[in-house]
Enquirer: 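Okay, handing you the structure first.
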Amino acid sequence: MKVSDIKPGGKLFQLFIGAPGSGKTVAAASYPPPIYFFDLDKRIDSLATMFPGRTDIEYDPYGPEEFEKFWNKIQQIRAGNSPFKTYVLDSLTSLARMAIGYSVSLRGGGGLKKGVIAMTQVDDFNGESRVLSVVMDAFRGANFKSNFILTAHLVETSTKKLNEDDVIQQRVLTGGKTIAAEIPGYFNEIYYFTKTMGFSNDAEYKMHTMIKKAGIDTKTALPLPAEIVCTMKPGEAGLYQKIQSVCKTKGIDIG
């Protein structure tokens, strides 16, 4: 194999990061249909509001204690028994909680307790890391031919030092810091989403490809500008269509 044989484009494997409400889920819904959402956040209502007449978006809700149901769905996809062109896992934060819950359940909920609640232990964070890495590998496999989008929330921390300005840091929100730093390494495309309010109280949504947030650098292997306005209304072009248009001018066929 030669590096010169690698062509940009093809299926897309993307990480969308940003605060809740910054437009990640709606942007993901602009990708090629049919689309399947792993609805771990239970926030699929935003799509029903934006796309009330669409029948090419399907989803299943997954609760924090339903890892086996979630994994069985992934196994069906890996076996080639699913017709969707785009899969959206919404979100990493909820998947991390599910992974830790699954780890706790495997040890029978035993160990440290406060009242009637089983508290997480070090092994549970190791379990979280294992679950997340296995899930990412499943979607990166050669048999997976569809686009894949993972959404992730940010957590912000402030460190105070005497006689110095506060240090503000952000990272992808998971239970363990190690896996939070590892997740971005799975992706060639990492986009940061923002929402700002204008003077007329209208929201503007943007996707950024060249900005450092959550302790990681956004990045793209596609010829995209530093930012794309992806404010979307019913019937209008969404983020995917704008990315596709830019890539076509460079002779690149995506997703």
Side-chain angles (χ1 to χ4, degrees), residues 6-18 23-41 43-62 69-92 94-95 134-152 183 186-191 193 205 207 209 219-224 228 230 232-255:
I6 300 175
K7 304 298 182 184
K11 71 176 184 180
L12 300 172
F13 198 76
Q14 302 181 322
L15 175 62
F16 288 5
I17 61 174
K24 302 183 296 297
T25 301
V26 171
S30 70
Y31 278 62
I35 305 173
Y36 178 83
F37 274 81
F38 291 91
D39 182 25
L40 279 63
D41 277 1
R43 296 184 53 161
I44 206 73
D45 290 355
S46 62
L47 297 186
T49 301
M50 180 64 71
F51 311 110
R54 286 187 63 172
T55 59
D56 55 3
I57 299 177
E58 297 184 23
Y59 74 98
D60 283 307
Y62 297 88
K69 171 186 172 182
F70 169 78
W71 184 247
N72 287 338
K73 183 66 176 182
I74 292 178
Q75 293 298 86
Q76 292 176 15
I77 295 169
R78 294 176 71 180
N81 298 327
S82 196
F84 298 95
K85 291 185 178 180
T86 301
Y87 289 87
V88 184
L89 205 170
D90 195 16
S91 68
L92 173 62
S94 295
L95 176 58
V134 167
V135 170
M136 292 299 100
D137 286 340
F139 286 108
R140 291 202 308 168
N143 292 332
F144 184 72
K145 305 298 184 182
S146 304
N147 300 312
F148 176 74
I149 298 169
L150 174 66
T151 70
I183 286 293
Y186 288 98
F187 295 86
N188 289 329
E189 304 289 314
I190 303 177
Y191 304 155
F193 288 77
Y205 297 88
M207 180 277 280
T209 62
K219 58 183 178 179
T220 179
L222 301 173
L224 302 181
I228 294 177
C230 55
M232 189 175 179
K233 296 179 181 179
E236 294 183 350
L239 177 62
Y240 174 81
Q241 289 74 30
K242 293 180 178 181
I243 292 175
Q244 185 183 47
S245 178
V246 172
C247 289
K248 278 186 175 180
T249 64
K250 303 294 183 179
I252 296 173
D253 186 23
I254 63 169

Enquirer: Does the side chain of Pro33 reach to within under 4.5 Å of the side chain of Arg54, using non-hydrogen atoms?
Expert: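 Result yes, sub-4.5 Å side-chain heavy-atom pair found.
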Enquirer: Taking the side chain as every heavy atom from C-beta outward, state whether Tyr186 and Leu150 have any atom pair closer than 4.5 Å.
Expert: no
Enquirer: Are the side chain of Glu58 and the backbone N or O of Pro34 linked by a donor-acceptor pair below 3.5 Å?
Expert: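 Such a contact is absent between Glu58 side chain and Pro34 backbone.
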Enquirer: Can you tell me how far CG of Asn188 sits from CG of Leu15, rounded to the nearest 0.5 angstrom?
Expert: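 So the CG of Leu15 and the CG of Asn188 are separated by 11.5 Å.
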Enquirer: Judged by atom type as modelled, is there a donor-acceptor pair below 3.5 Å linking the side chain of Ser94 to the main-chain atoms of Ser91?
Expert: no
Enquirer: What do the steps show when you test Tyr205 against Val26 for side chain to side chain contact (heavy atoms under 4.5 Å, CB included), and what is the final call?
Expert: CA-CA 10 Å; Tyr205 297 88; Val26 171; over 6 Å; no
Enquirer: Hey, does the side chain of Asn147 reach the backbone of Leu12 with a donor-acceptor pair shorter than 3.5 angstrom?
Expert: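 Flag set: sc Asn147 to bb Leu12 pair under 3.5 Å.
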Enquirer: Examine distances only and state if a side-chain atom of Asp45 and a backbone atom of Thr49 form a donor-acceptor pair shorter than 3.5 Å.
Expert: no
Enquirer: Any heavy-atom pair between the side chains of Ile35 and Phe84 that's under 4.5 Å?
Expert: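 SC-SC contact between Phe84 and Ile35 ruled out.
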Enquirer: Under a 3.5 Å distance rule, please check whether Gln14 uses its side chain to pair with a backbone N or O of Phe187 as donor and acceptor.
Expert: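 A pair under 3.5 Å: no.
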Enquirer: For the NZ atom on Lys248, are there more than 12 heavy atoms of other groups (residues, nucleotides or ligands in this structure) within a distance under 6.0 Å?
Expert: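 No, NZ of Lys248 has 12 or fewer neighbouring heavy atoms, counting only those of other groups under 6.0 Å.
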Enquirer: To the nearest 0.5 Å, tell me how far Leu89 CG sits from Thr151 OG1.
Expert: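 One gets 7.5 Å once the value is rounded to the nearest 0.5 Å.
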Enquirer: Do Arg140 and Phe13 have side chains that approach each other closer than 4.5 Å (heavy atoms only, starting at C-beta)?
Expert: yes
Enquirer: State, to 0.1 Å, how close Pro223 and Cys247 come at their nearest heavy-atom pair, and which atoms those are.
Expert: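 Taking every non-hydrogen atom into account, CD-SG, 4.1 Å.
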Enquirer: A cation-pi test, strictly: NZ or CZ of Lys69 under 6.0 Å from the centre of the six-membered ring of Tyr62 and no more than 45 degrees from its axis. Yes or no?
Expert: yes
Enquirer: Please find out if less than 6.0 Å separates the ring center of Phe16 from that of Phe193.
Expert: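 Ring-ring flag for Phe16/Phe193: true, centres closer than 6.0 Å.
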Enquirer: Is the NZ or CZ atom of Lys73 both under 6.0 Å from the centre of the six-membered ring of Tyr36 and within 45° of that ring's axis?
Expert: yes
Enquirer: From Phe139 CZ over to Ile149 CD1, what is the distance, rounded to the nearest 0.5 angstrom?
Expert: 12.0 Å
Enquirer: Taking side chain as C-beta onward, heavy atoms only, is Asp90 less than 4.5 Å from Tyr59?
Expert: no
Enquirer: Quick one: do Tyr87 and Phe148 satisfy ring pair (Phe, Tyr, Trp, His ring centres under 6.0 Å)? Show the steps, please.
Expert: CA-CA 5 Å; Tyr87 289 87; Phe148 176 74; 8.0 Å; no
Enquirer: Could you go through the ring pair (Phe, Tyr, Trp, His ring centres under 6.0 Å) check for Phe70 and Phe38 one step at a time?
Expert: CA-CA 8 Å; Phe70 169 78; Phe38 291 91; 5.3 Å; yes
Enquirer: Compare all side-chain heavy atoms of Phe51 with those of Met232 and state whether any distance is below 4.5 angstrom.
Expert: yes
Enquirer: Roughly how far, to the nearest 0.5 Å, is the NZ atom of Lys242 from the CG atom of Leu239?
Expert: 8.0 Å
Enquirer: Please answer whether the main-chain N or O of Tyr240 pairs with a side-chain N or O of Ser30 as donor and acceptor at a distance below 3.5 Å.
Expert: yes
Enquirer: Shortest non-hydrogen contact from Ile17 to Lys24?
Expert: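 Where Ile17 meets Lys24 most closely, the heavy atoms are C-CD, 3.7 Å.
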Enquirer: To the closest 0.5 Å, what do you measure between CD (Glu189) and CD1 (Ile254)?
Expert: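 Answer rounded to 0.5 Å: 9.0 Å.
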Enquirer: Is a side-chain N or O of Lys85 found less than 3.5 angstrom from the main chain of Tyr31, in a donor-acceptor match?
Expert: no
Enquirer: Measuring only between side-chain heavy atoms, which start at C-beta, is Asp41 closer than 4.5 Å to Thr25?
Expert: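 No, too far: nothing below the 4.5 Å cut-off.
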